Structures are given as C-alpha cells and as structure tokens.
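Each remark here refers to the structure printed beneath this line.
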Amino acid sequence: MIEVRFFATLREGRGKVAQLSAEEVSCGGDILRRFSIQQEEVAILLINGFHSKPEDPIKDGDIVALFPPVGGG
Amino acid sequence: MPLSENQKQRYARQLCMPEIDITGQEKLLSSKVLIIGAGGLGSPAALYLAAAGVGTIGLADGDKVDLSNLQRQILHSTEKLGVKKVDSAAEQLESLNPDVHVIPYPRVLTEENISDLIADYDFVLECTDSFEAKYLINDACVRAKKPFCHGAVIRFFGQMLTYVPEAGPCYRCAFRHAPDEEKAPDAKKLGVIGAVPGVIGCLQALEAIKYLTGTGELLVGRFLSFDGRTMDFEIIELPRDPDCPACGKT
Ligand SMILES: [Zn+2]
C-alpha cells in the first residue's frame, strides 16, 4: 500500500489520508492525476519525508505528503 | 535598568515563571522584533508581543485600514478606517503597553529597502499576505543571517516555519518556487476565518518570545500545519535543501 497524506486546502473533498495499492501508481505525478490535483496546486511533495518531484518513482510502503501553497496573512 | 514596581505588576504572570523571571523580562524589554504585515497574522502577534513587554516593535505595512480587514485584523477598529495600518497599530499597542516603543514603516518592502529595514532587529515575524513578499523576506533574512518566523493562512488552515541561520531549512528550502500568483489559492477569493490567523499569529508571537528568552524548542526544521476544522496541529520534519538557492552551500 501507498499512503497519501493531504494537507490544508488539498484536504477539501479528499479527507486527510488515502491509501492506494502500489499497482495503481508508479510516480508522484500518478498520485496527483489519481486525485485530480494540478501540479501548481502542490507546493511540497514529500516521499517518505524527502522533497520529491512528480516524476520520482513510488514503491510499496511509501508515504507521500502533499502541501498546497498557502499565502494568506 | 531594574524593573519598576509598575513593571513588576504588569509582568507578574510571566515573572513568576522560571523560563522568564527578571532576566527574561529584561531581555524582552531590550529586544527588537520587526513584524512585517499588520493584518490578520500581524495583529495578534503585535498585541501579544506588546503585552509581553517586547521593548521595540517595528511594524511594516503599506496599507490603510479597510472595512473588509476588520473581520480578522483585530489591531484596528471601525474608527480607524482609512488610517495607515501602522499608525492605527502604533496607537493601539502604545496604549496597551507604554513600555513599548513602536516604529512604524508605512511602506511596501522592496529588494532595495528590506536589508536596511531588518538590520536593526533581533527577530522578524513574516506576517504578509503575498508570496512575493514571503520570498523577499526569506531571502533577505537568509542573507543577513536573521532569524524569522513564517506564517500563512487560508480558510480554516494555517502553517508556520521558523528559520534560524545554519540550524534548519529556510522558507525556500521548503517551498522552492513561488507559485503563479494568478493560480495560487488566494485568501481574498477563498476566504479565511479570522480566528485562524488569530491562532497562527499568536503562535508566531510565542516563537519570538521563545527565541528571545532562549526557551523551549522552536519550529526549526519542523513545519507546523494547522487544520482548524479538525483541530489537528501536525508537525512535519522538513530537511534543509543543500541545493537551496537562498541558504544552500552551492
Ligand atoms: Zn534554504
């Protein structure tokens, strides 16, 4: 399984956490597509706590965290 | 200068704490904190720093008080509509605590003026509402080796990260690229509940007080994400980026 953790506005309509089977996705970009998230909606993509790019591979057991840009004050 | 009897009463609730005591209070009174943005985050941050007796508070904001601000910007009030935010704030803060010297900067920060502005201060609170300003402040603070605390909010959500030179990631380590301002979520369009910048602004004031008095653990390398709908406060460890264009080695 792959665990996807959403933060801030990315939680709206998606909840806090989702689980995917490793067969469903092979990279960060697949996860964004799977949840209808545009690339510009993601400010930080962490795979197992490390900064990653949408093209970086994902494997079984990985934890992916997605943060949107938040700029209000 | 020893604390007066009046000051001993005013600060009694924190003087009795071992983390503050007389030494910590004297540190606060001789400290200088710059708050950039006198809006939703800057309002509670400034009020709590003034109340705690931070001796010098610089406030930078180029805007005037607008009716749509008052839902969250609790430094200002209806009779201050149209007044420069920094002037409205200075009056409010000095009436809250005459120990505090407020220095207003009624201007927009630019690449040209920011370095001079931050130079005099011990700690900076980044309370702005634009990505452009957030990157400008980050890069200037990194260059000047100036610690600062970033805050941002939208709708029911808030976030924070504290930067201390050489100790952890900067804002650009966490958020490498500025988003397209057109496409990025905008609190003007998406909204914000006033109490949310209230929470985050208070926590920014707390980070400043902790830094100035050497108390506790700062949000250095620890990104705080707040969800006001569920009351989740989550801390995510964020590494420093060795290739960061602002603070990286290369
Ligand atoms: Zn950096």
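Residue numbering restarts at 1 for every chain, and letters A, B, ... go by the order of the sequence lines. Being a predicted model, the structure only gives us computed values, none of them experimental.
- Two residues are said to be in side-chain contact when any heavy atoms from C-beta on lie closer than 4.5 Å; I236(B) and I44(A) fail this criterion.
- For the residue pair A43(A) and F175(B), the shortest heavy atom distance occurs at CB-CD2, 3.4 Å.
- Under the 4.5 Å side-chain criterion, counting only non-hydrogen atoms from C-beta, D243(B) is not in contact with H51(A).
- The environment of CD in Q71(B) is crowded: more than 12 heavy-atom neighbours from other residues, nucleotides or ligands sit within 6.0 Å.
- Annotation: Q19(A), atom CD; neighbour count of heavy atoms from other residues, nucleotides and ligands within 6.0 Å is above 12.
- Your options are E237(B), R229(B), K188(B), and the one with the most heavy-atom pairs under 4.5 Å with chain A is R229(B).
- For a residue to count as touching a neighbouring chain, one of its non-hydrogen atoms must lie under 4.5 Å from one of that chain's; by this rule P179(B) touches chain A with the side chain only.
- At a 4.5 Å heavy-atom cutoff, the contact between S225(B) and chain A is made by side-chain atoms alone.
- The candidate from L238(B), D180(B), V192(B) with the greatest count of non-hydrogen atom pairs under 4.5 Å with chain A is L238(B).
- Heavy atoms of R72(B) lying under 4.5 Å from chain A are absent altogether.
- Heavy-atom pairs under 4.5 Å with chain A peak, among G39(B), C127(B), A174(B), P197(B), at A174(B).
- Within 6.0 Å of CD on E3(A) lie more than 12 heavy atoms contributed by other residues, nucleotides or ligands.
- Other residues, nucleotides and ligands contribute more than 12 heavy atoms inside 6.0 Å of the CZ atom of F233(B).
- Contacts between I200(B) and chain A at a heavy-atom distance below 4.5 Å are absent for every atom of the residue.
- In this structure, the portions of V153(B) lying under 4.5 Å from any heavy atom of chain A include both its backbone and its side chain.
- In plain terms, the two heavy atoms of F131(B) and P69(A) that are nearest each other are CZ-CB, 3.6 Å.
- Contact annotation for D186(B): neither backbone nor side-chain heavy atoms come within less than 4.5 Å of a heavy atom of chain A.
- Looking at every heavy atom in both residues, P68(A) comes nearest to Q159(B) through O-OE1, 4.5 Å.
- Heavy atoms of other residues, nucleotides or ligands lying less than 6.0 angstrom from NZ of K84(B) number 12 at most.
- The number of heavy atoms from other shown groups lying within 6.0 Å of CZ (F6(A)) is above 12.
- The local environment of CE in M1(A) is crowded, with over 12 non-hydrogen atoms from other residues, nucleotides or ligands closer than 6.0 Å.
- Using a 4.5 Å cut-off between heavy atoms, F223(B) touches chain A through its side chain atoms alone.
- In this structure, no portion of E126(B) lies under 4.5 Å from any heavy atom of chain A.
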Might you work through the salt bridge (Lys or Arg N to Asp or Glu O under 4.0 Å) test for D227(B) and K16(A), ending with a clear yes or no?
CA-CA 10 Å; D227(B) 182 341; K16(A) 291 184 202 176; over 6 Å; no

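- Of the two parts of T230(B), only the side chain, counted from C-beta on, holds a non-hydrogen atom closer than 4.5 Å to a non-hydrogen atom of chain A.
- For chain B, the option among E12(A), R5(A), E40(A) with the highest count of heavy-atom pairs below 4.5 Å is E12(A).
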